[in-house]
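Take a look at the structure set out below.
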Amino acid sequence: MAPIIYTPTVGQACKEFAMRYRRPRGMYFCEEDRGHMAAMVYNWPEKDVHVIVVTDGSRILGLGDLGCNGMGIPIGKLSLYCAAGGIAPHRVLPVVIDVGTDNEELLNDKFYLGVQKPRLQGS
């Protein structure tokens, strides 16, 4: 059922994420946040988080590098966990580690919400 409903729905939501952005639905961390992540997590409004799903937006459902627009992945997965797994919605935290993007379209999009630099690479 997931390949029929979940994959195309979440994939489309990720492709349109920046254009439909209304409010923060999770936490975003980038390179400049090093040393401040604990304080950022402390400021999350829910204090009893049990489940965290993390993405870097690099390989989204066969769509490729969507950068921070990949937030739809942890949101979608956590929605499934809440609906099918009985996890309370206030106990989840979707996270994007924004390490840039190699997607030229996003790098040139003035409305892109993420870090507009080439993706950080490991050594």
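No experiment lies behind these values; they were computed from the predicted model shown.
- Atom CE of Met37 is separated from atom SG of Cys30 by 8.0 Å, given to the nearest 0.5 angstrom.
- Annotation: the span from Ile52 atom CD1 to His50 atom NE2 amounts to 11.0 Å, rounded to 0.5 Å.
- Note on Val54 and Met71: separate hydrophobic clusters, where clusters join Ile, Leu, Val, Met, Phe, Trp and Tyr whose side-chain heavy atoms are under 4.5 Å apart, directly or indirectly.
- For the pair Tyr81 and Val51, the minimum side-chain heavy-atom distance is below 4.5 Å.
- Shortest non-hydrogen contact noted between Met27 and Trp44 is CG-CE3, 3.5 Å.
- The hydrophobic cluster containing Ile97 also contains Leu120, counting ILVMFWY residues as joined when their side-chain heavy atoms lie under 4.5 angstrom apart, directly or transitively.
- With rounding to the nearest 0.5 Å, the separation of OG in Ser58 from CD1 in Ile73 is 10.5 Å.
- Between Val53 and Val95, the closest side-chain pair of non-hydrogen atoms is not below 4.5 Å.
- Tracing side-chain contacts under 4.5 Å through hydrophobic residues (I, L, V, M, F, W, Y), one never reaches Val96 starting from Val41; they form parts of separate clusters.
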Could you list the donor-acceptor pairs under 3.5 angstrom formed by side chains in residues 98-113, with sequence neighbours left out?
{"from": "Asp98", "atom 1": "OD1", "to": "Gly100", "atom 2": "N", "distance (Å)": "3.1"}
{"from": "Asp98", "atom 1": "OD2", "to": "Val115", "atom 2": "N", "distance (Å)": "2.8"}
{"from": "Thr101", "atom 1": "OG1", "to": "Asp65", "atom 2": "OD1", "distance (Å)": "3.1"}
{"from": "Thr101", "atom 1": "OG1", "to": "Asp65", "atom 2": "OD2", "distance (Å)": "3.1"}
{"from": "Thr101", "atom 1": "OG1", "to": "Asn103", "atom 2": "N", "distance (Å)": "3.0"}
{"from": "Asp102", "atom 1": "OD1", "to": "Arg119", "atom 2": "N", "distance (Å)": "3.1"}
{"from": "Asn103", "atom 1": "OD1", "to": "Glu105", "atom 2": "N", "distance (Å)": "2.9"}
{"from": "Asn103", "atom 1": "OD1", "to": "Leu106", "atom 2": "N", "distance (Å)": "3.2"}
{"from": "Asn103", "atom 1": "ND2", "to": "Asp65", "atom 2": "O", "distance (Å)": "2.9"}
{"from": "Asn108", "atom 1": "ND2", "to": "Glu104", "atom 2": "O", "distance (Å)": "2.9"}
{"from": "Asp109", "atom 1": "OD1", "to": "Phe111", "atom 2": "N", "distance (Å)": "2.8"}
{"from": "Tyr112", "atom 1": "OH", "to": "Cys68", "atom 2": "N", "distance (Å)": "2.9"}

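- Between Cys82 and Pro89, the shortest heavy-atom distance links the atoms SG-CA, 3.6 Å.
- Counting heavy atoms from C-beta outward, Arg34 and Phe29 have side chains that stay 4.5 Å or more apart.
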